[in-house]
Amino acid sequence: MLRIAIRAGGFDVTSPGSAVAPAGAQPLTLDDAPERFVKHYSRAAVPGRRRTGASGTKSSWRDDEVMLRIVCAHSYAGTRLGLLAVTDLTEHHVEVFLQGLAAAGRAPSTRNHYLRLLKLIGRWMVRQGYRPTPLIAADSELRQDRDWGAHRVSEDRVARHVSSRRHHGVALP
């Protein structure tokens, strides 16, 4: 099957892993990617991987599907990300999406979950031949959000805790 596609000019054999769409074919859009990713990765039993879902599937495949649909619905410069061809997506699109989540008040842990999922689907798209390079480069400056300021304990709570310790005779430094 692969040989037939190569002979028909369906693949660029000069650079490994880069697929070239056949003439007249519509490019894969980000709207198409979640369904394929969930079907062929999240819900698929992968040999050699420990998965806890039914029949060896990824237990969080529903989360993957919902989160990827949210990414597709995000707009950048007046265009839904889902309408872009996967080869046109850049790290900048991911960064703007994550900034949008932060502006909407989403927790750092949620933003980190999206970042991990987008890194995963980017690597999967390369393995499948949908993209020549991962969505987020290994040397990227996009890192997990370490802004845990929203989870800090209030000064009032600290004062009550210190007060209760003194009341119980606990020596404080």
Heavy-atom closest contact (R69 atom, D31 atom, distance): NH1-O, 3.2 Å
R131 (side chain) donor-acceptor with V86 (main chain) under 3.5 angstrom: yes
Side-chain donor/acceptor of R123 to backbone N/O of P134, under 3.5 Å: no
Heavy-atom closest pair, residues L117 and D64: CD1-OD1, 3.7 Å
Minimum heavy-atom distance between P132 and T87, given as atom pair plus value: CD-CG2, 4.5 Å
Polar side chain donor-acceptor pair, H93 to T90, under 3.5 angstrom: yes
Side chain to side chain contact (heavy atoms under 4.5 Å, CB included) between I70 and Y114, intermediate numbers included: CA-CA 10 Å; I70 290 170; Y114 275 98; 3.2 Å; yes
Closest non-hydrogen atom pair between C72 and R80, with its separation: O-NH1, 2.8 Å
Linked, directly or transitively: L83 and Y76 (ILVMFWY side chains, under 4.5 Å): no
Atom pair CD/CG of E95 and L118 - distance to nearest 0.5 Å: 12.5 Å
Flag side-chain contact, heavy atom, 4.5 Å: H74 against V96: yes
Candidate pair F37 and L120, rule side chain to side chain contact (heavy atoms under 4.5 Å, CB included), full reasoning: CA-CA 10 Å; F37 175 75; L120 176 64; 3.7 Å; yes
Parallel, tilted or perpendicular: rings of Y130 and W124 (30°, 60°): tilted
T29 side chain to D32 side chain, donor-acceptor N/O pair below 3.5 angstrom: yes
Stepwise side chain to side chain contact (heavy atoms under 4.5 Å, CB included) test for V94 and K119: CA-CA 10 Å; V94 173; K119 284 181 176 182; over 6 Å; no
From NE2 (H40) to CD (Q128), nearest 0.5 Å: 7.5 Å
